[in-house]
Amino acid sequence: MKKTTMKLFSLLIVVIMVCSVFIGCTAKEEAPKDDGEAGTSDSVDNAVQDKASSGDLTKIRVGTQPTTIGVPAQYALEKGYFKEEGLDVDLVLFPTGAPLNEAIAAGELDVAANGLASVFPLANGVCEWIGEANTTGGMGIYVREGSPILENKGEIEGKPDMYGTAESIKGTTFLGPIGTSAQFNVMRYIQHFGLSDADIEQIHMDHGQAYQAYVAGEGDALATSPPFSYDAEDSGFIMAASFEDATESPLFDGLLARKDYSADNPESVKAFVKAYYRACEDLMSDPEMRKEYSIDWFTKNGREYNEETMLKEIEDRDYVTQSMMESEDYSYGLGMLAIADFYTFDGKVEEADLPNVPESFNVSYIEDIMDIKINIATYDDLK
Amino acid sequence: MNEDISIDSVQKREKSGYIIISLISLVIGIFLWWLFTEGLGTISHKIMPGPIRVFQSFFSKFYVSAPDGATLLQHLGSSLQITLLGYVIGVAIGIPLGIVMAWYPKFDLFARPVFDLLRPIPGIAWIPVMIVLFGIGLLSKGMVVFLSVFVAITINTYTGIQQTKSVHKWVSHTFGASNIYTLFHVAIPTALPMLMTGLRVALGAAWTTIIAAELLASTKGIGFMIQQSRGLFRPDIIIVGMIAIGITGSVLGWLLGLLEKRVLKGRLSKE
Amino acid sequence: MSKNIIKLEVKNLCKQFGDLLVLDDISFNVNKGEFLCIVGPTGCGKTTFINSITKLYTPTSGEILLDNEIVDPNKHNIAYIFQEESTMDWLTVFQNVEFGLKVKKIPKAEREIKVNEYLEIVGLTEFKDYYPRELSASMLQRVSIARAFVTEPDLLLMDEPYGQLDIELRFKLEDELINLWERTGTTVLFITHNIEEAVYLAENIMILTNKPAKVKSRLPVNLQHPRDIADPEFVEIRNKVTELIRWW
Amino acid sequence: MNKTFWESKWAKPISAFISIFGFLLIWHIGVNSSSLGELMPGPIDVLSRFVGSFSVNIGQYTILGHALWSLSRVAIAYSVASFAGVICGLAMGRYPKFEAAFRPYFEIIRPIPPIAWIPMAILWFGLGELTKYFLIFLAAFSNVTLNAYTGAISVDPELIGAARMLGASDNQIFRTITIPASVPHIFAGMQISLSSSWATVVAAEMVRSSEGIGWMIVSGMEINNMQQILAGIVAIGLIGYGLATFMRFLERKLLVWNERGA
């Protein structure tokens with residue numbers, strides 16, 4: 001008798017708890033999320049567009065960063081290119097590639113335009129590599145004037161512009177986000193001098209913070225990318241090694257799609273790719289417009305560019321266009337393979353996962369849209 | 001601690017039965033975890049790795065440094081070092097300040113308002129400020145830990161000293177004791193239980209704060225390990241990190257509990 | 001015992017809290033070794049008065065002399081037994097009793113002898129290592145009494161020390177107190193609102209008026225200890241005090 | 001003369017003013033007289049930014065809007081946590097078997113700070129509000145539960161004995177004695193929880209958000225805007241202080257009968 005009432009009571013408690021949690025969830029999800037989403041990250045323009053768009057558009061969640069890679073997505077969104085393709089794009093911005101990956105893992109994004117960090121979802125078999133978006137110049141490792149690293153130049157054969165010796169690099173502290181191009185840059189740089197990650201220290205910080213800390217006198221070297229690399233130059237810091245010199249691999253930022261999403265919604269993915277490349281073509285054909293547009297959007301998102309730095313970026317970084325992809329020496333996915341190969345050194349990419357990367361290359365969308373044939377890279381091309 | 005008081009001799013007989021219930025409950029929980037992850041695969045291991053995977057990762061993390069560059073013990077050592085540094089300094093400054101604030105009302109009038117405003121600010125909010133002021137090395141993290149420890153310790157010491165009964169002060173004064181003598185022999189003993197609680201709360205705060213600081217800027221530490229595993233599709237390492245945080249937190253709390261029992265001898269600690 | 005030496009001299013004592021006058025021009029003397037009870041209506045300022053003597057409150061005007069010097073707990077040997085329970089819960093019974101001796105920097109060996117002696121007197125020897133929370137209310141009050149007597153004070157102040165105890169215990173402790181007083185020859189100032197208690201204990205009874213307190217009158221109780229509360233003389237004095245205390 | 005000042009009712013506000021002003025002055029001098037000024041804005045900049053943000057948007061809202069966002073997150077998660085915590089705590093106190101089954105999980109989860117849950121919470125609940133609620137919930141839940149539990153098991157045994165002699169059933173005792181007697185404990189737990197919920201708002205808003213006081217700090221970090229960070233910290237401090245004061249006021253109003261006992 002007593003036992004049954006007790007059981008009933010505990011059951012009741014469990015039910016109430018579960019219900020209360022769910023009531024709490026649904027209530028909040030309905031009320032604040034609507035506004036929340038309208039305002040997610042980018043700008044009020046989107047909200048207006050979202051409201052204008054009615055139910056017949058297909059919703060697609062896109063993640064990117066307020067950097068070069070994000071500009072075409074934002075541009076296509078504002079120009080209505082996505083809408084023309086029947087897409088209702090929800091553009092979500094992330095400060096670096098790592099949290100963007102996390103959002104992919106959490107199933108919060110369908111497609112993304114991301115940088116080097118894309119290698120992880122590719123290696124894990126979560127995403128496919130559906131397009132390359134822009135070349136990545138302007139990245140590098142910077143040191144202060146008077147740094148011992150600057151005492152020696154051109155020690156490594158074939159790298160006349162690269163500074164440093166094994167002795168001067170050993171024991172230095174590098175600032176920059178780990179798990180992104182900055183770390184890749186640093187590791188490849190020190191490898192030229194026969195050093196490993198045990199010989200140096202790398203402090204993980206997002207680009208903005210790392211730059212600020214470096215200006216404040218922290219660390220010995222800064223591994224960064226535009227616009228902070230341009231700021232670094234303006235502040236009188238000296239580039240010890242460019243990304244290209246250090247890594248010897250062309251790096252492309254690019255587009256990825258969740259495999260499950262791509263399988264279920266090939267039309268949406270294709271539409272996204274099409275609108276994105278349309279924006280790329282626009283931006284490449286009108287550098288003046290690209291400059292104005294980029295500066296405006298970056299500033300809105302807290303990345304201060306001036307005209308000069310923006311011009312440098314335009315100089316350094318091209319958006320991928322049809323003509324580029326058609327050229328002889330274009331090798332799709334080569335950068336990703338190099339990075340995947342590199343990251344096996346500290347287990348961030350497990351060796352067993354290496355084949356996943358070339359397997360994830362899916363050029364069918366581009367080939368369909370543009371009616372071209374693309375040359376796909378393999379690990380053999382790395383040698 | 002509380003159960004010990006409530007459980008009388010009659011209940012003791014049943015206690016072993018309760019342990020069995022606890023065990024069964026845990027086994028069921030782990031089984032369900034396994035069933036929906038590794039068993040049936042209902043939940044992807046990218047979202048929630050199964051218990052076997054987590055346990056494997058946990059043990060292999062003692063000697064494998066992938067994917068974040070250090071083994072579990074190296075991370076743990078780094079985190080503990082900073083935590084203890086900030087903790088010791090926080091305690092060393094917080095206790096005297098709390099005592100002085102509570103014992104000298106005039107000082108209190110001036111110190112309290114500033115303190116009341118700083119108090120509700122969580123340690124994690126100070127991180128950006130500390131990075132700017134003290135850079136990104138050990139010092140800034142130590143400072144963030146220090147701040148959160150300091151606040152908790154000062155408040156608890158303060159409250160403890162204020163609990164001194166007037167009658168005890170009178171007893172001391174009428175025997176001719178000086179104000180300082182009364183402070184050390186009456187007020188501080190009175191405050192001890194609160195002070196011990198403060199030490200415990202502050203240790204929890206320190207441990208939480210170091211994790212937060214490491215999530216934001218660091219080269220090593222449990223928080224860094226978790227941070228690195230985000231976006232690398234390694235939730236097993238994240239869970240390993242959480243387990244390590246939980247166990248370490250519990251062990252630290254337990255050690256302080258031992259100290260507390262010794263210090264408070266015949267007295268019950270005031271929660 | 002030379003009972004004619006003036007121990008405590010209170011001259012024109014006034015105490016004001018803000019606008020509230022609590023003690024109004026109180027003057028009296030206490031001889032060495034005298035047991036004086038102070039009675040008055042509840043809330044008339046008895047406690048304020050005793051607190052003024054121990055410097056817990058500074059008097060607004062007037063002065064208090066102990067052995068012809070301004071009273072000062074640092075100089076004089078005063079002990080105070082409070083109305084409230086006042087043992088310290090972080091000390092054992094032994095350490096509690098020892099407290100005053102430690103303040104007065106008595107050497108350890110001597111402290112131990114004295115504390116043990118007084119613990120014996122109040123019957124707590126076997127409880128000396130107990131903590132207060134393990135003891136009953138009456139035992140705690142005995143700890144307080146021992147703590148006061150062990151310092152062998154020149155002046156012992158007691159502020160309704162038995163107010164919270166039941167009658168039986170109270171009788172017992174009152175007898176103990178008289179015993180201790182007779183043995184030590186301490187000067188005692190005992191505050192109570194219980195007239196019977198005053199008559200039972202005191203050599204002299206001082207009656208205060210209602211607020212602001214003034215000395216209304218002072219009368220001796222010339223009875224031998226132990227006293228019998230049914231004794232007609234006892235009853236007569238009690239009635240007299242009762243009459244004096246009525247303010248309505 | 002001196003003395004009357006310390007005892008007057010002005011002593012408190014005047015000394016508070018002097019001390020806060022002094023604190024700001026030290027800050028001001030520190031920033032202006034050293035190279036610190038390049039990194040840290042002074043109090044005037046921060047306070048004017050703080051005051052200005054009542055009318056000028058930071059991101060999409062004024063500071064009031066951000067505060068409301070944060071407060072609404074705390075309010076929702078905190079209410080759910082308090083409700084669930086009280087029920088769990090009382091149930092643990094009432095049913096030893098429930099305690100035996102539930103306690104291990106509670107003890108495993110309790111020492112893990114909310115911030116360490118962020119990555120898993122994102123994987124489970126995504127980047128939306130649910131994750132933020134979950135983190136704040138965690139911050140509040142354990143305290144309320146623990147206090148309710150302590151309340152339920154530390155009821156004076158004599159009281160229960162007396163009730164049992166009068167023939168009350170276990171359920172009646174629980175309803176009429178245990179629950180009311182636990183209220184002060186529960187309230188204490190809720191007070192602590194409200195503070196810790198509020199302190200967790202920064203961590204919660206580290207999960208992608210575009211509004212809230214925590215967001216002000218997090219995004220200030222991303223874009224290196226110290227003024228915005230410090231204005232956010234000021235807001236956190238003021239609101240936290242306000243919440244604590246409010247809870248103390250509530251306690252005085254609601255638990256009058258308890259004060260005697262305490």
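Just so it is clear: chains get the letters A, B, ... in the order the sequence lines come, proteins before strands, and each one is counted from 1.
Just one of B:Arg234, B:Lys220, B:Lys61, B:Arg230 meets the salt bridge (charged side-chain N to carboxylate O under 4.0 Å, His left out) condition when paired with B:Asp68; it is B:Lys61. With B:Trp207 as the fixed residue, the side-chain contact (heavy atoms from CB on, under 4.5 Å) test singles out one of B:Val145, B:Leu80, B:Val149: B:Leu80.
Contact annotation for D:Phe23: only side-chain heavy atoms (C-beta onward) come within less than 4.5 Å of a heavy atom of chain B. With a 4.5 angstrom heavy-atom cutoff, B:Ile43 does not touch chain D via any of its atoms. Neither the backbone nor the side chain of D:Leu243 comes within contact range of chain B; no heavy atom of the residue lies under 4.5 Å from a heavy atom of that chain. Proximity to chain D is limited to the side chain of B:Ile238, based on heavy atoms less than 4.5 angstrom apart. In this structure, chain B has a heavy atom under 4.5 Å from the side chain of D:Ile108, while its backbone stays farther away. For D:Ala203, the parts lying near chain B are the backbone and the side chain together; criterion is any non-hydrogen pair under 4.5 Å. Within the 4.5 angstrom heavy-atom criterion, no atom of D:Ile239 approaches chain B.
Interface summary for chain D: among B:Ile47, B:Thr208, B:Ile226, the most heavy-atom pairs under 4.5 angstrom belong to B:Ile47. Put simply, of D:Gly237, D:Pro114, D:Gly220, the one with the most heavy-atom pairs under 4.5 Å next to chain B is D:Gly237. Between chain D and the options B:Leu133, B:Ile222, B:Leu118, heavy-atom pairs under 4.5 Å are most frequent for B:Leu133. Each of B:Ser229, B:Gly223, B:Gly123, B:Ala212 has some count of heavy-atom pairs under 4.5 Å with chain D, and the biggest count is that of B:Ala212. Ranked by heavy-atom pairs under 4.5 Å with chain B, the first of D:Ile229, D:Ile233, D:Val202, D:Ile236 is D:Ile233.
A donor-acceptor pair is defined here as one N or O able to donate and one able to accept, closer than 3.5 Å; such a pair exists between the side chain of D:Ser19 and the backbone of B:Phe110. In this structure, the side chain of D:Lys132 does not engage the main chain of D:Met206 through any donor-acceptor pair within 3.5 Å. Put simply, the side chain of D:His66 gets close to the backbone of D:Ile58: a donor and an acceptor are under 3.5 Å apart.
Around atom CZ of B:Phe58, more than 12 heavy atoms belonging to other residues, nucleotides or ligands sit under 6.0 Å away. Residue D:Phe21 places its CZ atom among 12 or fewer non-hydrogen atoms of other residues, nucleotides or ligands, all under 6.0 Å distant. Annotation for D:Phe17: atom CZ does not count as buried by contact number, only 12 or fewer foreign heavy atoms lying within 6.0 Å.
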